[in-house]
Amino acid sequence: MPLCLKKIAIVLLGLGLGLTAASSAWSTETLIDVMKRRSLTEKDLLAAAKTYTPSGGRDEFLAFSSGGQSGQVIVYGIPSMRILKYIGVFTPEPWQGYGFDDESKAVLAEGRIEGKDIHYGDTHHPAISETNGEYDGRYLFINDKANPRLAVIDLRDFETKQIVVNPLFRSEHGGAFVTPNTEYVMEATQYAAPYKDVGYVPLEKFNDQYRGGLTYWKFNREKGRIEPENSFTFELPPYSQDLSDAGKGPSNGWGFTNSFCTERYVGGIERGRPPFEAGCSSKDTDFLHITDWKKAEALVQSGQVKKRNGMFLITMEQAIANGLLYLIPEPKSPHGVDVSPDGKFMIVSGKLDSHVSVFSFEKIQAVIKAGKFEGKDPYGIPIIAMKDALHLQVELGLGPLHTQYDSKPCIAYTSLYVDSMVGKWNYCEGKVLDKLSIHYNIGHLMTMEGDSVSPKGHYLVAMNKLAIDRFNPVGPLHPQNHQLIDISDDKMQLLYDMPLPLGEPHYVVAIKADKLKPEVRYKSGWNSRTDEKSPYGTRAGREKTERTCDAAGKCTVEVMGTVIRSHINPEIIETEEGDTLRIHLTNLERAEDEVHGFAMYGHDVQLSIEPGKTASVTIQTDRAGVYPYYCTEFCSALHLEMQGYLLVKPKGHKAEAATMQEGVAYTQADYDKQVKTNVDTQAVIDQVVAFITAHNYKDFPTVVGLVEDAIDQLGFAKGAKEKADAAAAKSDWQNAMLWANQWWQYQVKTADLGLRAKTFLEQNGAKMVK
Ligand code: RUQ
Ligand code: CUA
């Protein structure tokens, strides 16, 4: 390293920026010593080697987990089980400014229920968008059971873009499940209720006026949004519909939704009636609902279906008359229905039955074709006899819930809640192959892309409801326990326990990490929630503050500002008591991970402004006072100096003429010394630039981004230098010194970017060009 480079590197290191030094200090303990000290077996070590991911390493799969009652989504890597992100979905998430900036508040407002803000979500089932039945990594959907809602998350930036509220249901559970080309997202009710456009209906009228349902939400892939106006709902009997799944391959075009409490029992302990749990589990079978969504879509498009509360509703009468809806008895209080990768079988688990039942789509179709039904339910829906539709049943264990598939044909894994086990079995031949104890009380389980047409094998995650004694105690509320299991051999092997401390995560989906193509920055001045240019995007040098008043004398101060290392522009905002203040901030950075935050005293303001993003906040400045604001992300060595003041002046306040007080008086000597430093720094920058331009840096998009940013910073340095020169020409050493220092600040940021680019080129085998 040439001397000057070394010097600037030292300066940068002192500032906490730039280069890192490699350490090679190994502990003197041997592997055997460590195994003894920590009582590790060889098996432990093998498991560790299968999950341990060295610093800088990447995971093979990314998992998207429901965040349970937190209303969020948790992203973690497999096999390392390292948590990477919480995505704010149905509830505010302060770090991401979700629910704090005006843009995301608009998304959350879409999720209001009957005019009320809901401050939690009971998220259950995430689903990744599919193309030809394969996960395509573009979108993620997740449902809210308590307040029937569905959210759309874009996997380019991992942000929530849309929330839709079901206009008919008052609870749901059987979503989100996508059809093989993400034409529709399924969402089925859980607890029957009168539809939302009807108010009170007494429970005595349960059978006649309470209803279940299944909504097929239309998804517009180009826009990345659900289209409520093109979605439709099947009216269903007041059975408690449960999970759903979409057909694929031969069963593409059909949907499967099971149910419990087809007894239609209504509890009432306080009225002396046996509770729900007794009346809802008395029959030996419930019903699997089969819906023909392709035919239903055609019926809707033909104009024969009426809208109810803004949603096309296919009544039971219509569905029966058009052959869109059938029932099959399924054993007892079932939970999951999971379509096999080839689309030929539907596997159903009855919570109160020790069997898993494999239904054959071919047999179901044969019965429908022949019209050989065993009867009708009380609502006139044709019932297919269970024996006519069954391929086989296997006795697997107690409390079977959910099934996922292996990359090997005919191999499935089913969670056994009561037994606290995972059962591995062959669903073509009906053979049990292996069982593994988990800790404890498994709900869902998940294999890699395990509900797509081509599961990837390797790993299974058991999502256990109880952790009990697995972790250090943290009070009566325990974390959930996600256990990683190796399924590449005949025998399953438990690898790792991960505590998940954010709500009860129900389901998780995992995708090959290389299918995801997340972006590192937005186009400059971007509204990330609507995915379009923000009208408030502001370029460097175009910052402005305007105060306008309407006829009634109500005034609004509008700030079009920017943030970049290490200042917020503007640094002083003035309003008069009673003014509305709207602040729009654009992050001018292009460097990866250079995020700025914006927090202000006493106004519940916390923005996260990623490179290129424009975020807005609207506040009422109704109390005269001084309100400091600052950047909340440690973005640079002068991050703490990234600050400003909102001055809310009392009404009718007259400013006295006065100059700012300054703490230090600078001399010409101070100025000269600073200029000398700047000239030395420039020499270093020139060397770095020479290195970069001597290489094929244009082949590396990361470096191109850094170079663009560095050129911006150098431009700012030039502007500051001109101001310093002008002040020096007037012997105004105070301003000359301050501007010379600002010039140096810009140079330091240029050098930081340059050195990051240089390091990247060195580490990624850049070649010399002439
Ligand atoms: S649930 S533990 Cu999917 Cu909501 Cu089964
Ligand atoms: Cu920007 Cu700290």
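Read the numbers this way: they start at 1 and go in the same order the structure lists the ligands and their atoms.
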Between [atom1] of [X] and [atom2] of [Y], what distance do you get to the nearest 0.5 Å?
{"X": "L607", "Y": "K613", "atom1": "CG", "atom2": "NZ", "answer": "9.0 Å"}
{"X": "Q713", "Y": "L753", "atom1": "CD", "atom2": "CG", "answer": "6.0 Å"}
{"X": "L588", "Y": "E594", "atom1": "CG", "atom2": "CD", "answer": "12.5 Å"}

Legend entry - For atom 2 (Cu) of ligand 2: the N/O/S atom of E633 at shortest distance: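 Restricting E633 to its N, O and S atoms, the minimum distance to atom 2 (Cu) of ligand 2 goes to O.
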Inset, instruction - State the atom name: nearest N, O or S atom of H639 to atom 2 (Cu) of ligand 2. - result: ND1
Legend entry - atom 1 (Cu) of ligand 2 to nearest N/O/S of M642 below 2.8 Å: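 Yes - counting backbone and side chain alike, M642 has an N, O or S atom under 2.8 Å.
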Legend entry - Between H639 and E633, a side-chain donor and acceptor under 3.5 Å: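 No.
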Inset, instruction - Give a yes-or-no answer on whether the side chains of D242 and Q190 include a donor-acceptor pair shorter than 3.5 Å. - result: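 Per modelled atom types, D242 and Q190 side chains form a pair under 3.5 Å.
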Inset, instruction - Keeping waters out of it, list the protein N, O or S atoms under 2.8 Å from atom 4 (Cu) of ligand 1. - result: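 For atom 4 (Cu) of ligand 1, the protein N, O and S atoms that sit under 2.8 Å away are H124 ND1, H173 NE2.
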Are the aromatic rings of [X] and [Y] close, with centres under 6.0 Å apart?
{"X": "Y627", "Y": "Y645", "value": "no"}
{"X": "H125", "Y": "F177", "value": "yes"}
{"X": "H402", "Y": "H444", "value": "yes"}

Legend entry - Closest approach of any protein heavy atom to atom 5 (Cu) of ligand 1, naming residue and atom: H335 NE2, 2.1 Å
Inset, instruction - Give, rounded to 10 degrees, the angle between SG (C631) and ND1 (H596) as seen from atom 1 (Cu) of ligand 2. - result: 120°
Legend entry - Reference residue Y184; test ring-ring contact (aromatic ring centres under 6.0 Å, His included); the match among F219, W217, W293: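 Of F219, W217, W293, ring-ring contact (aromatic ring centres under 6.0 Å, His included) with Y184 is met by W293 alone.
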Inset, instruction - Could you tell me whether ligand 1 has any atom less than 4.0 Å away from a heavy atom of K465? - result: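 Within the 4.0 Å threshold, so yes.
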